[in-house]
Amino acid sequence: MATLQHSGKSKSTKASTKAKGVSSKPESGSSPVMAVLDVSGRGIVQEVAIFLHKAWSGRKVSLTTFRADDELDQLTALVKSNTRLLEEQHRHLLDFQEVYASSMHSLVEATKAGVSPKMLSVLSSEMGIPKEGMAERLGLASSTVRNKTATSKLLSTDDSEKVIGMSRLIGQVQAMVNEAGNPEGFDAAAWLAHWMEQGLPALGGRKPSEYMDTAVGQALVSQLLDQIRSGAYA
């Protein structure tokens with residue numbers, strides 16, 4: 001029977017992000033919007049700017065023609081006002097138990113918006129799996145992840161769905177242990193990483209890790225974890 005065992009050490013399953021400053025002075029020859037996008041470290045502000053750019057694009061306003069000073073001021077103000085909101089969203093996504101407890105509606109919205117490729121690094125670190133190995137498990141192209149990390153671009157909807165799905169599985173395991181009433185010292189991410197490499201009768205001897213590259217496969221693995229919680233052998 002599959003059991004949840006303590007790893008002997010505890011890991012934090014939460015990561016935080018820090019807001020970066022926004023420059024309101026465009027460099028010579030660049031559009032004001034690009035000046036907002038080109039901030040030191042990018043990160044959270046970059047993602048706000050991308051979101052706002054999509055909104056402006058819906059109004060058929062291009063980056064190269066969006067130059068009015070008053071509109072730049074409005075954009076900068078929007079970036080600053082939304083920074084805290086996005087920080088909270090990212091902390092939420094990086095707290096695996098909260099991801100697991102989230103409504104499907106909120107997860108769909110997060111998936112469509114796209115998540116930072118840095119979340120892959122968090123998963124890699126928490127689960128003790130090399131980053132490229134994690135990308136391979138999730139069916140993500142390592143070159144794409146590297147490029148998007150370097151340019152502070154968000155992952156695609158499909159890739160974001162799989163990253164969020166893995167986060168939910170970690171949160172699910174932690175919730176199971178919490179329900180059992182003995183979570184102290186238990187490393188949910190490390191346990192899941194180990195368990196996923198075991199051949200399971202319910203999968204015809206295949207490993208759960210082989211199912212991580214599709215949302216349907218992740219849902220199947222989630223069902224197996226529920227079987228463990230209910231006492232059925234997986």
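- Here CG of L192 is found 9.5 Å from CE of M176. Values are rounded to the nearest 0.5 Å.
- Under the rule for a side-chain hydrogen bond (donor to acceptor under 3.5 Å, both in side chains), the partners of K131 that lie at least two apart in sequence or sit in another chain are S121.
- T214 and K162 make their closest contact through N-CD, 4.2 Å (heavy atoms, listed as atom of the first residue, atom of the second, distance).
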Worksheet entry | Derivation of the side-chain contact (heavy atoms from CB on, under 4.5 Å) call for V145 and D159 | CA-CA 10 Å; V145 174; D159 289 350; 5.8 Å; no

Practice prompt. Please lay out, stage by stage, how L155 and S116 fare under the test side-chain contact (heavy atoms from CB on, under 4.5 Å).
Written response: CA-CA 6 Å; L155 295 176; S116 169; over 6 Å; no

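- For the pair A135 and S142, the tightest heavy-atom approach, listed with the atom from each and the gap, is CB-OG, 3.9 Å.
- Between the side chain of S106 and the main chain of S103, a donor-acceptor pair closer than 3.5 Å is present.
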Discussion item. L225 vs W195, test: side-chain contact (heavy atoms from CB on, under 4.5 Å). Steps then yes/no.
Written reply: CA-CA 10 Å; L225 289 172; W195 177 79; 3.7 Å; yes

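- The structure places OG1 of T151 at 6.5 Å from CG of N147, a figure rounded to the nearest 0.5 Å.
- A donor-acceptor contact shorter than 3.5 Å is absent between the side chain of T111 and the backbone of S160.
- Linking Ile, Leu, Val, Met, Phe, Trp and Tyr whenever their side-chain heavy atoms come within less than 4.5 Å puts L220 and L107 in one cluster.
- Judged by distance alone, with hydrogens and angles left aside, the side-chain atoms of T149 form no donor-acceptor pair with the main-chain N or O of P117 at under 3.5 Å.
- Every residue two or more places apart in sequence or in another chain was checked for a side-chain hydrogen bond (donor to acceptor under 3.5 Å, both in side chains) with S143, and none qualifies.
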Discussion item. If you apply the rule side-chain contact (heavy atoms from CB on, under 4.5 Å), what do you find for F96 with V173, and how did you get there?
Written reply: CA-CA 10 Å; F96 303 130; V173 171; over 6 Å; no

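- Both M104 and I170 sit in one connected hydrophobic cluster of ILVMFWY residues. Membership requires side-chain heavy atoms under 4.5 Å apart, directly or through other members.
- E132 and R146 are joined by a salt bridge, as a carboxylate oxygen and a charged side-chain nitrogen come within less than 4.0 angstrom of each other.
- The CD atom of E161 sits 11.0 Å away from the NZ atom of K112 when rounded to the nearest 0.5 Å.
- Once rounded to the nearest 0.5 Å, the distance linking OG of S167 with CD of Q172 reads 12.5 Å.
- N178 pairs by the side-chain hydrogen bond (donor to acceptor under 3.5 Å, both in side chains) definition with Q97, Q174, not counting sequence neighbours.
- Counting heavy atoms from C-beta outward, V221 and Q218 have side chains that stay 4.5 Å or more apart.
- Qualifying side-chain hydrogen bond (donor to acceptor under 3.5 Å, both in side chains) partners for Y100, counting only residues two or more places apart in sequence or in other chains: R229.
- Annotation: salt bridge (charged side-chain N to carboxylate O under 4.0 Å, His left out) contacts involving residues 211-221, sequence neighbours excluded, are absent.
- To the nearest 0.5 Å, the span separating CG on L138 from CE on M212 amounts to 8.0 Å.
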Only distances under 3.5 Å count here; give the side-chain donor-acceptor pairs of residues 198-210 to other protein atoms, sequence neighbours excluded, each with its distance to 0.1 Å.
{"from": "Q198", "atom 1": "NE2", "to": "H194", "atom 2": "O", "distance (Å)": "3.0"}
{"from": "R206", "atom 1": "NE", "to": "E210", "atom 2": "OE1", "distance (Å)": "3.1"}
{"from": "R206", "atom 1": "NH2", "to": "E210", "atom 2": "OE1", "distance (Å)": "3.3"}
{"from": "S209", "atom 1": "OG", "to": "M196", "atom 2": "O", "distance (Å)": "3.3"}
{"from": "S209", "atom 1": "OG", "to": "E197", "atom 2": "OE2", "distance (Å)": "3.1"}
{"from": "E210", "atom 1": "OE2", "to": "K207", "atom 2": "N", "distance (Å)": "3.1"}

